[in-house]
Number of protein chains: 2
Amino acid sequence: MKYSQATDYALHAMLHLVSEAPDKPVSVHLLAEKLGVSPTYLSKMLTKLVKAGLIHSVPGANGGYRLRRSQEDISFLDIIHAIEGTASVFECSLNHGSECQIQQVVLDAERQMEEYLRNRKISDITRPS
Amino acid sequence: MKYSQATDYALHAMLHLVSEAPDKPVSVHLLAEKLGVSPTYLSKMLTKLVKAGLIHSVPGANGGYRLRRSQEDISFLDIIHAIEGTASVFECSLNHGSECQIQQVVLDAERQMEEYLRNRKISDITRPS
DNA sequence: TAATTAGAGACTTAATGAATCCATAATAAC
DNA sequence: GTTATTATGGATTCATTAAGTCTCTAATTA
Ligand code: SF4
Ligand code: SF4
C-alpha cells in the first residue's frame with residue numbers, strides 16, 4: 001500500500017508555492033523544472049489541487065498557480081485527498097452492515113492516520129528540497 | 001491507496017481459524033468454500049501467513065492450517081504486514097537525509113495507524129461473516 | 001501404496017500508475 | 001485585434017501490479 005508518485009509531486013509543488021511564491025503566480029513550467037518532472041504531467045496534479053480549492057490558477061501570459069488567499073492553513077491531508085481521492089483503504093465486496101468489526105478496526109486505524117495528517121499544515125514545513 | 005483484496009481474504013481466513021478451529025486443522029478447500037474464493041488463490045495468502053509465523057500448516061490427509069499455539073495474540077498489523085509487506089507508504093526517489101520534514105510527517109502518520117493496528121488483536125473479534 | 005493435502009512456480013488477464021502528445025480555451029502583452 | 005503565453009482536457013501509450021488460474025512436486029496419513 002503506497003501513495004502514488006503524484007502525491008509526492010503535489011506535496012513538493014505545494015511546498016514550493018508556500019515558501020517561495022507569496023504573491024506572484026508561478027508557472028507549471030518553472031515548477032516542473034524545480035521538481036525535475038515533466039510539465040504536462042505535473043499539470044494534471046496542479047489541476048486537481050485547483051479543483052480541490054487549495055490553489056488558484058491564472059491563465060495567460062505571466063500566469064501560473066498561487067495559493068488561495070483564503071486558505072493559508074493547508075493540511076497534508078488536504079493535498080493527499082486531492083490527489084488520491086477520499087476512498088477508504090478497506091472496502092469489502094459484501095457489506096455486512098455497520099456492525100462489522102473487521103471494517104471498524106481497519107477504518108478506525110485509517111482515521112487515526114488521517115487525523116494526524118489533518119493536523120499537520122504544509123506551512124509548518126519550510127525546507128524545500 | 002487501498003489494501004489489496006488478498007489482505008481482505010487473509011483477515012477473514014484468520015477470523016475463521018480463531019473462532020472455529022481451536023485444535024483441528026482446517027483445509028484450504030474448506031476455508032475457500034466459506035469465503036467464496038478460489039482455493040489455489042487463497043493458498044497463496046495462507047502460505048504467506050505461515051512464513052510470517054502466524055499459523056501452522058500440516059500436510060497430508062486431514063491436514064490443513066491451524067493457529068500457532070504460541071501466538072494467541074495475533075494483531076491486525078501482523079496479518080496486514082504478512083500480506084502487504086512492510087514497505088512504507090511514502091518513498092521518495094531522492095532521499096535528502098533523515099531531517100526531511102515531508103517524509104517525517106507522512107511516516108509519523110503511518111506509525112499512528114500501525115500502532116493502532118498493532119494493539120488490535122484478531123481474537124478480539126468474534127463475529128465471523 | 002494410494003489418497004490427500006500444502007507449496008511453489010509459470011502463466012494469463014485485467015486494472016492501475018506513470019507519462020506523453022496534442023488540441024482547445026482563456027488571458028495578457030503588444 | 002493579433003499574438004504569445006499559459007492552463008485545461010482528452011486520447012493514447014507503456015510499464016507495473018493485482019488477481020486469478022493451472023500444473024507439477026513434496027510431504028504425510030490412511
Ligand atoms: S465480515 Fe465485514 S469485512 Fe467481512 S465481508 Fe462482512 S462486512 Fe465485509
Ligand atoms: S525533500 Fe524529502 S520527500 Fe522531498 S525529495 Fe527530499 S527527501 Fe524526498
Side-chain angles (χ1 to χ4, degrees), chain A residues 1-13 17 21 24-33 35-68 80 82-85 87 89-93, chain B residues 1-13 17 21 24-33 35-68 80 82-85 87 89-93:
Chain A
M1 189 175 66
K2 263 191 63 176
Y3 283 129
S4 73
Q5 196 82 7
T7 295
D8 189 337
Y9 296 148
L11 285 173
H12 283 80
L17 287 182
K24 292 269 180 185
V26 46
S27 73
V28 63
H29 181 77
L30 191 62
L31 268 178
E33 202 170 336
L35 298 187
V37 61
S38 143
T40 55
Y41 186 39
L42 182 61
S43 132
K44 308 277 184 187
M45 301 143 209
L46 291 171
T47 299
K48 282 189 178 179
L49 294 176
V50 168
K51 288 189 174 170
L54 303 186
I55 58 178
H56 191 245
S57 72
V58 294
N62 290 327
Y65 297 92
R66 58 177 156 76
L67 295 175
R68 297 207 73 166
I80 291 173
I83 305 296
E84 301 270 335
V89 293
F90 189 80
E91 287 162 351
C92 76
S93 46
Chain B
M1 191 174 66
K2 263 191 63 177
Y3 283 129
S4 72
Q5 197 81 7
T7 295
D8 190 337
Y9 295 148
L11 285 172
H12 283 80
L17 287 183
K24 290 270 181 186
V26 46
S27 73
V28 62
H29 180 76
L30 191 63
L31 269 177
E33 201 170 337
L35 299 185
V37 61
S38 143
T40 55
Y41 187 38
L42 182 61
S43 137
K44 310 271 186 189
M45 300 142 211
L46 291 171
T47 299
K48 282 188 177 181
L49 294 176
V50 168
K51 289 188 174 172
L54 303 184
I55 58 178
H56 191 245
S57 72
V58 293
N62 289 327
Y65 297 92
R66 58 177 155 79
L67 296 175
R68 296 206 74 167
I80 292 173
I83 304 297
E84 302 271 335
V89 291
F90 189 80
E91 287 163 351
C92 75
S93 46

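None of the values given here were measured: they were computed from a predicted structure. All chains are named by letter (A, B, ...) in the order of the sequence lines, taking the proteins before the strands, and each is independently numbered beginning at 1.
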For residues 37-53 of chain B, dump all side-chain donor-acceptor pairs below 3.5 Å to protein atoms at least two apart in sequence or in another chain.
unit_1: B:Ser38; atom_1: OG; unit_2: B:Thr40; atom_2: N; d: 3.4
unit_1: B:Ser38; atom_1: OG; unit_2: B:Thr40; atom_2: OG1; d: 3.1
unit_1: B:Ser38; atom_1: OG; unit_2: B:Tyr41; atom_2: N; d: 3.3
unit_1: B:Thr47; atom_1: OG1; unit_2: B:Ser43; atom_2: O; d: 2.8
unit_1: B:Lys48; atom_1: NZ; unit_2: B:Ile83; atom_2: O; d: 3.4

Just the table, please: protein N/O against nucleotides 4-8 of chain D N/O, every pair under 3.5 Å.
unit_1: D:dT6; atom_1: O4'; unit_2: A:Gly60; atom_2: O; d: 3.3
unit_1: D:dA7; atom_1: OP1; unit_2: A:Val28; atom_2: N; d: 2.9
unit_1: D:dA7; atom_1: O3'; unit_2: A:Ser57; atom_2: OG; d: 3.4
unit_1: D:dT8; atom_1: OP1; unit_2: A:Ser57; atom_2: OG; d: 2.7
unit_1: D:dT8; atom_1: OP2; unit_2: A:Thr47; atom_2: OG1; d: 3.4
unit_1: D:dT8; atom_1: OP2; unit_2: A:Tyr65; atom_2: OH; d: 2.5

A:Ile83 CD1 - C:dG17 C1' separation (whole Å):
13 Å
How many Å lie between CG on B:Leu17 and P on C:dA6, as a whole number?
11 Å
Using whole Å, what does the distance between atom C1' of nucleotide D:dT17 and atom NZ of A:Lys2 come to?
12 Å
note: B:Lys48, atom NZ; C:dA6, atom C1'; distance rounded to Å ~ 17 Å
Nucleotide C:dT5, atom P - distance to CD of B:Glu33 in whole Å
12 Å
Testing the basics here: between A:Ile80 and A:Tyr3, what is the closest heavy-atom pair and its distance to 0.1 Å?
CG2-CE2, 3.5 Å
Of the non-hydrogen atoms in B:Glu84 and A:Met1, which two are nearest, and what is the gap between them?
OE1-N, 3.4 Å
Take atom NE2 of B:His56 and atom C1' of C:dT5, then tell me their distance rounded to the nearest Å.
14 Å
Where is the tightest heavy-atom contact between A:Ala13 and A:Leu31, given as atom of each residue plus distance?
O-CD2, 4.3 Å
Between C:dT5 atom P and B:Arg66 atom CZ, what is the distance in whole Å?
16 Å
Check nucleotides 19-25 of chain D for protein N or O atoms closer than 3.5 Å to its own N or O atoms and list the pairs.
unit_1: D:dA19; atom_1: OP1; unit_2: B:Gln5; atom_2: N; d: 3.2
unit_1: D:dA19; atom_1: OP2; unit_2: B:Gln5; atom_2: N; d: 3.3
unit_1: D:dT21; atom_1: OP2; unit_2: B:Ser38; atom_2: OG; d: 2.9

Interatomic distance, B:Ile55 CD1 vs C:dT5 P [rounded to whole Å]:
16 Å
Do the non-hydrogen side-chain atoms of A:Tyr65 and A:Val28 ever get within less than 4.5 Å of each other?
yes
Test item: B:Phe90 and A:Leu11 side chains (from C-beta on) under 4.5 Å apart, heavy atoms:
yes
Can you tell me how far CZ of A:Arg68 sits from CG of A:Leu54, rounded to the nearest 0.5 angstrom?
9.0 Å
Gap separating the CD atom of A:Glu91 from the CG atom of B:Asp8, nearest 0.5 angstrom:
10.5 Å
